[in-house]
Amino acid sequence: MTATDAAKRVRYRVTQFVRGATARVDAAELVHARALLTANAYRLFVAMPVDAQRHSLNVLHALEQQGAAHGDLAAAALLHDVGKLAADASGAPIRLWLRGPFVLAEALAPALLRRFALRDPQRKYRFAAWVYREHPTIGAFWAYDAGCSQRTCLLIALHQSALPAHASENEFTSQLRALQAADGSA
């Protein structure tokens, strides 16, 4: 990543932080989300902090504008970050003030974040960093337990994974690319 790319990414993330701090979700949006999710999956969605709900709804809206948000992809859009809730049990929930530094560390010093992260709930912030890094996998398992389809779970699990350049284009890879693009711009 070039210095210019890193600066753009940091600028985008700072803007995302400001939007998160002022995030709101209205009742109609919650009704819409409820219509797209199983009852248990909806419980996961509303357990997320408002800024995370707002982000997920923004991802969904971006996909809807492309005509791509239905079924599995819509559910994945709403739940792609739900795994971050796993840090709550450690006493260091990944709320906006903590997510910001993790995002910046991931953009500017990913090796440092990787070394800092520990899978030990007793090490609050280090565990939160581990959850931040592993939230796609955690969220996929939770979504599966909540009754989501295997495709939804796979989209959640892979939403931050780079597709190989030689990956064949099919319905799944198209959905994953759309989810990743919407997540990166929402």
Side-chain angles (χ1 to χ4, degrees), residues 1 5-6 8-26 28-38 41-42 44-85 94-96 99-100 102-104 106-107 110 132-144 146 148-165 167-186:
M1 177 183 314
D5 291 338
K8 286 179 184 176
R9 192 167 179 183
V10 168
R11 188 175 25 251
Y12 165 75
R13 293 301 187 174
V14 169
T15 301
Q16 190 177 38
F17 178 86
V18 171
R19 283 189 299 190
T22 60
R24 303 284 180 264
V25 173
D26 65 44
E29 290 175 308
L30 292 174
V31 168
H32 184 51
R34 176 62 192 99
L36 297 169
L37 298 169
T38 67
Y42 180 72
L44 288 175
F45 176 76
V46 295
M48 293 191 301
V50 172
D51 65 296
Q53 291 177 28
R54 174 78 270 144
H55 168 70
S56 294
L57 287 162
N58 290 348
V59 170
L60 176 65
H61 295 323
L63 292 168
E64 287 173 336
Q65 288 175 345
Q66 299 169 19
H70 47 81
D72 299 327
L73 184 56
L78 291 170
L79 297 175
H80 71 279
D81 283 341
V82 75
K84 291 176 183 176
L85 290 174
I94 303 174
R95 298 295 188 255
L96 190 58
R99 191 167 50 252
F102 286 165
V103 166
L104 291 175
E106 184 177 50
Y132 175 80
R133 295 191 71 243
E134 299 298 325
H135 79 272
T137 303
I138 296 165
F141 279 107
W142 287 4
Y144 182 78
C148 292
S149 72
Q150 288 182 344
R151 179 171 288 221
T152 294
C153 298
L154 193 54
L155 288 165
I156 293 168
L158 298 176
H159 82 271
Q160 290 191 328
S161 299
L163 281 169
S168 61
E169 199 61 34
N170 56 45
E171 183 183 6
F172 178 78
T173 56
S174 294
Q175 287 180 328
L176 182 58
R177 288 182 204 283
L179 177 61
Q180 290 173 336
D183 185 30
S185 66

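Each residue takes its place number in the sequence, starting with 1.
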For a quick test of reading the model, state the closest non-hydrogen atom pair linking [X] to [Y] and the distance between them.
X      : Y      : answer
Phe45  : Leu57  : CZ-CG, 3.9 Å
Leu179 : Ala76  : CD2-CB, 4.1 Å
Ala140 : Cys153 : CB-O, 3.2 Å
Gly139 : Ile156 : C-CG2, 3.8 Å
Ala77  : Ser56  : O-CB, 3.5 Å
His55  : Ala186 : ND1-O, 3.5 Å

Could you tell me whether the side chain of Thr173 and the main chain of Ser168 form a donor-acceptor pair under 3.5 Å?
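Here the side-chain-to-backbone pair exists.
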
Using a 3.5 Å distance criterion without hydrogens, assess whether the side chain of Thr38 forms a donor-acceptor pair with backbone atoms of Ala146.
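Indeed, once roles are kept as given, a pair shorter than 3.5 Å links the two residues.
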
What distance separates [X] [atom1] from [Y] [atom2], expressed to the nearest 0.5 Å?
X      : Y      : atom1 : atom2 : answer
Phe102 : His135 : CZ    : NE2   : 12.0 Å
Leu176 : Gln160 : CG    : CD    : 11.0 Å
Leu85  : Trp142 : CG    : CH2   : 5.0 Å
Asp72  : Gln175 : CG    : CD    : 6.5 Å
Leu158 : Leu163 : CG    : CG    : 7.5 Å
Leu78  : Cys148 : CG    : SG    : 9.5 Å

Considering only heavy atoms from C-beta outward, does the side chain of Tyr132 approach that of Val103 to under 4.5 Å?
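Counting from C-beta outward, Tyr132 and Val103 do come under 4.5 Å.
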
Identify the residue among His61, Arg24, Gln53 that makes a side-chain hydrogen bond (donor to acceptor under 3.5 Å, both in side chains) with Glu29.
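Exactly one pass, corresponding to His61.
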
So Arg54 and Met48, side chain to side chain contact (heavy atoms under 4.5 Å, CB included) or not? Walk me through it.
CA-CA 10 Å; Arg54 174 78 270 144; Met48 293 191 301; over 6 Å; no

Any side-chain donor near an acceptor of the partner, His80 and Gln180, under 3.5 Å:
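Per modelled atom types, His80 and Gln180 side chains form no pair under 3.5 Å.
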
Is it true that, when you exclude Tyr144 itself, more than 12 heavy atoms of the residues, nucleotides or ligands shown sit nearer than 6.0 Å to its OH?
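Result for OH/Tyr144: open.
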
How far apart are the C-alpha atoms of Leu30 and Tyr42, what are their side-chain angles, what is the distance that settles it, and do they pass the side chain to side chain contact (heavy atoms under 4.5 Å, CB included) test?
CA-CA 9 Å; Leu30 292 174; Tyr42 180 72; 3.6 Å; yes

Start with the C-alpha gap between Leu60 and His32, add the side-chain angles, then the distance that decides, and say whether side chain to side chain contact (heavy atoms under 4.5 Å, CB included) holds.
CA-CA 10 Å; Leu60 176 65; His32 184 51; 3.7 Å; yes

Tell me whether Arg133 is salt-bridged to Glu106, with the criterion being a basic N under 4.0 Å from an acidic carboxylate O.
no

For side chain to side chain contact (heavy atoms under 4.5 Å, CB included), just list the numbers for Glu171 and Arg151, CA-CA rounded to whole Å, side-chain angles, deciding distance to a tenth of an Å, and then say yes or no.
CA-CA 11 Å; Glu171 183 183 6; Arg151 179 171 288 221; 3.5 Å; yes

Sequence neighbours excluded, the answer for salt bridge (charged side-chain N to carboxylate O under 4.0 Å, His left out) partners of Arg34 is none

Which one of Leu63, Val59, Asn58 satisfies the side chain to side chain contact (heavy atoms under 4.5 Å, CB included) criterion with Asp183?
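That would be Val59.
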
